[in-house]
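Notes follow the structure.
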Amino acid sequence: VQLQASGGGLVQAGGSLRLSCAASGLPFNRYNMGWFRQAAGQERQLVAAISRSGDTTMYGDSVKGRFTISRDNAKSTVYLQMNSLKPEDTAVYYCAARSRQYSGFYSSNKAEYEDWGQGTQVTVSS
């Protein structure tokens, strides 16, 4: 199983980035997916999640109204569109596949995600 995250970079406050996470080696359309982020010295936190079909999403309070998660099952890819970026959004962003043994489409518990991408750095300058 491989989750390849890309799209990070350096952007000014107020700018936008689109992260992508391409999956291989798993039946992608059977997995609920999440994006987490980890800032320096902080715990990894759930940013957004999306159900298998893509019809249900959730967002952390700090990104609601600015970030949009989506997926293309035909391409085995999940996306995170990030708008109105703030310096506090600076972090390494990770995509993750939630284990199918758990009910519900998301959890903030990192242990319930069985596969992780390598992370992509997002830096927002003020």
Side-chain angles (χ1 to χ4, degrees):
V1 175
Q2 185 174 18
L3 299 177
Q4 184 70 39
S6 62
L10 173 64
V11 64
Q12 290 188 330
S16 298
L17 284 174
R18 188 194 196 202
L19 305 184
S20 299
C21 175
S24 60
L26 78 168
F28 183 73
N29 62 357
R30 297 182 185 179
Y31 282 82
N32 299 305
M33 299 294 296
W35 282 100
F36 286 74
R37 69 184 181 188
Q38 187 167 16
Q42 297 186 19
E43 293 288 321
R44 193 172 298 187
Q45 295 183 327
L46 181 66
V47 173
I50 189 166
S51 61
R52 288 184 290 268
S53 64
D55 61 356
T56 307
T57 58
M58 68 75 61
Y59 299 93
D61 288 341
S62 62
V63 306
K64 282 181 182 177
R66 299 188 299 121
F67 290 12
T68 302
I69 188 171
S70 61
R71 66 191 294 163
D72 185 338
N73 285 344
K75 295 182 179 179
S76 296
T77 301
V78 60
Y79 305 96
L80 186 67
Q81 177 66 44
M82 306 185 295
N83 299 329
S84 302
L85 282 161
K86 303 175 181 180
E88 51 264 43
D89 294 318
T90 295
V92 179
Y93 284 70
Y94 300 88
C95 58
R98 185 155 185 259
S99 174
R100 291 182 287 174
Q101 66 179 297
Y102 299 105
S103 61
F105 79 95
Y106 80 94
S107 170
S108 60
N109 185 350
K110 299 183 294 295
E112 295 186 11
Y113 292 79
E114 62 184 36
D115 295 295
W116 292 83
Q118 84 287 3
T120 185
Q121 175 71 48
V122 172
T123 303
V124 185
S125 63
S126 57

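All residue numbers refer to positions in the sequence shown, counting from 1.
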- Message: With rounding to the nearest 0.5 angstrom, report the CD1 to CG distance, Ile50 to Leu80.
- Response: 10.0 Å
- Please name the pair of heavy atoms, one in Leu17 and one in Leu85, separated by the smallest distance, quoted to 0.1 Å. N-CD1, 3.8 Å
- Is there a side chain to side chain donor-acceptor pair (under 3.5 Å) between Thr123 and Gln121 once you walk through the steps? CA-CA 6 Å; Thr123 303; Gln121 175 71 48; 3.3 Å; yes
- Minimal heavy-atom distance between Arg52 and Asn29, with the atoms involved, is CB-O, 3.4 Å
- Message: side-chain contact (heavy atoms from CB on, under 4.5 Å), that's the test. Do Leu46 and Tyr113 meet it? Break it down for me.
- Response: CA-CA 11 Å; Leu46 181 66; Tyr113 292 79; 4.1 Å; yes
- Query: Given the rule in the side-chain contact (heavy atoms from CB on, under 4.5 Å) test, do Arg37 and Val92 qualify, once you have shown the distances and angles that lead to the verdict?
  - Reply: CA-CA 5 Å; Arg37 69 184 181 188; Val92 179; over 6 Å; no
- Query: For Ser84 and Ser16, which heavy atoms make the closest approach, and how far apart are they?
  - Reply: N-OG, 4.3 Å
- Message: Checking side-chain polar atoms at under 3.5 Å, does Ser53 have a donor or acceptor matched by the opposite partner on Asp55?
- Response: yes
- Group every Ile, Leu, Val, Met, Phe, Trp and Tyr by side-chain heavy-atom contacts under 4.5 Å, then state whether Tyr93 and Val11 land in the same group. yes
- Is there a donor in the side chain of Thr68 and an acceptor in the side chain of Gln81, or the other way round, less than 3.5 Å apart? no
- Go through the steps to decide whether Ser107 and Glu112 satisfy the test side chain to side chain donor-acceptor pair (under 3.5 Å), and finish with yes or no. CA-CA 7 Å; Ser107 170; Glu112 295 186 11; 3.3 Å; yes
- Query: With a 3.5 Å cut-off and no angle check, do the side chains of Gln12 and Ser125 form a donor-acceptor pair?
  - Reply: no
- Message: Tell me whether Arg66 forms a cation-pi arrangement with Tyr59, defined as NZ or CZ under 6.0 Å from the six-membered ring centre and within 45 degrees of its axis.
- Response: no
- Query: Centre of Tyr106's six-membered ring, under 6.0 Å away, within 45 degrees of the axis: is that where NZ or CZ of Arg98 sits?
  - Reply: no
- Task: Run the numbers on Tyr79 and Arg71 for side-chain contact (heavy atoms from CB on, under 4.5 Å), then give the verdict.
- Result: CA-CA 6 Å; Tyr79 305 96; Arg71 66 191 294 163; 5.7 Å; no
- Message: Testing the basics here: between Thr120 and Gly8, what is the closest heavy-atom pair and its distance to 0.1 Å?
- Response: OG1-N, 3.1 Å
- Task: Return yes if some donor-acceptor pair links the side-chain N/O of Arg30 with the main-chain N/O of Leu26 below 3.5 Å, else return no.
- Result: no
- Output yes when a side-chain donor or acceptor of Thr77 lies under 3.5 Å from a complementary backbone atom of Lys75, and no otherwise. yes
- Test of ring centre spacing under 6.0 Å for Phe67 and Trp35: no
- If you measure from the Lys or Arg side-chain nitrogens to the Asp or Glu carboxylate oxygens, is any gap between Lys86 and Asp89 under 4.0 Å? no
- Determine the minimum heavy-atom distance between Leu3 and Ala96, stating which atoms define it. CD1-CA, 4.0 Å
- Query: For Val124, does its backbone N or O pair with a side-chain atom of Thr90 as donor and acceptor, under 3.5 Å?
  - Reply: yes
- Note on the structure: CD (Glu114) and OH (Tyr102) are apart, to the nearest 0.5 Å, by 9.0 Å
- For Tyr31 and Ala97, work out which heavy atoms get closest and say how close. CD2-CB, 3.8 Å
- Item | Any donor-acceptor N/O pair, Ser51 side chain to Thr56 backbone, under 3.5 Å | yes
- Query: Do Phe105 and Met33 pass the side-chain contact (heavy atoms from CB on, under 4.5 Å) test, and can you show the C-alpha distance, the side-chain angles, and the key distance before you say yes or no?
  - Reply: CA-CA 8 Å; Phe105 79 95; Met33 299 294 296; over 6 Å; no
- Is it true that a side-chain atom of Gln38 and a backbone atom of Ala91 form a donor plus acceptor pair closer than 3.5 Å? no
- Query: Do side-chain atoms of Arg44 reach the backbone of Tyr94 as a donor and acceptor pair under 3.5 angstrom?
  - Reply: no
- Phe36 side chain near Gln45 side chain, heavy-atom distance below 4.5 Å: no
